[in-house]
Amino acid sequence: MKVKQAEFIISAVGPGQYPEDALPEIALAGRSNVGKSSLINRLISRKNLARTSSQPGKTQTLNYYRINDFFYFVDVPGYGYAKVSRTERAAWGRFIERYLTDREPLRKVMLIIDVRHPPSKDDQAMYDWLRHNGLPIAVIATKADKIPRSQWQKNIKIVRETLGMPKGDPVILFSAETGQGLDELWQLLDETVEWIGEEKPEIPQE
Ligand code: GTP
Ligand code: MG
């Protein structure tokens, strides 16, 4: 897909603020600072539409970006930031859980993990929870530019094994810095948003 238009729509703090146009939604989940917003910016070739964090863990809203009037990226606040209080974390959890389980237009959850390290306990819990709830998941291993090419396959294998991914489920290697993995990711996204609900039935004239 060629991105002709990308627009920030809203920082939603509750379901009442979610868009009502029923366009498909692609959510980005992952721990704080992993590179979710950078990935969106790279996908749409914009430097700073999705705000990248100088203050990790501060974003507590679902940030909606509408692409080509065709679908939304939904930037989900990152988990696992140590300085967030337990109460805040619980509230965060309920808010995100509700969004992920109740949101009809949601078509895919991109779970973003850092390819440099084995998935954290939080990453594993998130992945298990997404699977348990039957959500369509795409695992994206980002920051590929930060490790030598010779380690890519080994690290991806560790990601697959640590998460216990079913054989055949893809891990897309990505870098917001170099643009690596862009074509593969767009292909997946194109396939995901192609289907936009039921075809409108032809209304016979007369
Ligand atoms: P929260 O909104 O706090 O959850 O963070 P986030 O997941 O949106 O991360 P963000 O995109 O703000 O990136 C965090 C830091 O990682 C920034 O300094 C980015 O420049 C850097 N970063 C993100 N992706 C990459 C990448 O692929 N390669 C490199 N080298 N740096 C990256
Ligand atoms: Mg962010």
Side-chain angles (χ1 to χ4, degrees), residues 3 6-13 25-67 72-85 88-97 99-100 108-127 129-130 137-153 155-156 158-159 170-186 188-189:
V3 175
E7 196 183 347
F8 169 73
I9 302 299
I10 195 169
S11 288
V13 295
E25 296 179 9
I26 311 264
L28 290 97
R31 74 170 171 69
S32 184
N33 222 36
V34 71
K36 297 176 294 299
S37 304
S38 305
L39 184 143
I40 294 180
N41 287 329
R42 176 51 98 153
L43 274 170
I44 60 180
S45 311
R46 293 272 287 271
K47 263 224 140 54
N48 242 327
L49 186 67
R51 269 191 291 156
T52 52
S53 48
S54 48
Q55 290 182 300
K58 283 296 169 202
T59 317
Q60 298 293 320
T61 55
L62 289 173
N63 295 335
Y64 272 84
Y65 301 90
R66 193 170 56 214
I67 312 301
Y72 291 100
F73 282 127
V74 184
D75 198 356
V76 174
Y79 50 77
Y81 184 58
K83 286 188 184 162
V84 175
S85 75
E88 276 178 304
R89 205 171 301 171
W92 178 94
R94 280 193 300 276
F95 173 44
I96 304 304
E97 272 180 34
Y99 167 74
L100 292 172
K108 183 88 77 193
V109 181
M110 296 204 271
L111 181 61
I112 320 296
I113 52 125
D114 187 331
V115 75
R116 291 176 295 175
H117 316 291
S120 67
K121 285 271 176 285
D122 285 329
D123 292 330
Q124 293 172 47
M126 189 62 166
Y127 181 77
W129 186 88
L130 291 169
I137 313 166
V139 176
I140 320 291
T142 194
K143 304 199 180 178
D145 61 284
K146 293 221 181 201
I147 56 169
R149 181 183 285 261
S150 57
Q151 280 179 30
W152 288 347
Q153 287 317 313
N155 285 31
I156 283 180
I158 293 172
V159 167
V171 173
I172 297 180
L173 190 62
F174 188 83
S175 165
E177 193 71 24
T178 65
Q180 181 185 346
L182 262 183
D183 289 349
E184 201 182 341
L185 194 45
W186 265 120
L188 178 100
L189 294 174

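Both ligands and their constituent atoms are indexed starting at 1 by order of listing.
No donor-acceptor contact under 3.5 angstrom links the side chains of Asn41 and Ser38, judged on distance only.
Between the side chain of Arg31 and the backbone N or O of Ile113 there is no donor-acceptor pair closer than 3.5 Å.
Atom numbering of ligand 1 starts at 1 in the shown order; those under 4.0 Å from a heavy atom of Gly78 are 4 (O). Each of the atoms 27 (O) of ligand 1 lies under 4.0 Å from some heavy atom of Ser175.
Side-chain contact between Phe174 and Ile112: absent, with no pair of heavy atoms (C-beta onward) separated by less than 4.5 Å. Annotation: side chain of Leu28 is not in contact with side chain of Val74 (no heavy-atom distance under 4.5 Å). You'll find the side chain of Ile44 stays beyond 4.5 Å of the side chain of Tyr65, heavy atoms only. Residues Val115 and Leu173 form a side-chain contact, since some pair of their non-hydrogen atoms from C-beta on lies under 4.5 Å apart.
Inclusion of Phe174 in the set of residues having an N or O under 3.5 Å from an N or O of ligand 1 is not warranted. For ligand 1, the polar-atom distance check against Gly35 finds a nitrogen or oxygen pair separated by under 3.5 Å. Polar contact with ligand 1: present for Lys36 (N/O pair, distance under 3.5 Å). Considering backbone and side-chain N/O atoms, Val34 comes within less than 3.5 Å of an N/O atom of ligand 1.
With ring centers used as reference points, Tyr72 lies under 6.0 Å from Tyr64.
Scanning Ser37, Gly30, Ala176, Ser38 for the heavy atom closest to atom 20 (O) of ligand 1 points to Ser38.
The part of Thr142 lying near ligand 1 is the side chain, judged by heavy-atom distances below 4.0 Å.
Contact annotation: Asn33 places no N, O or S atom under 2.8 Å from the Mg ion (ligand 2).
The closest approach between Pro77 and ligand 1 stays at or above 4.0 Å for every heavy atom of the residue.
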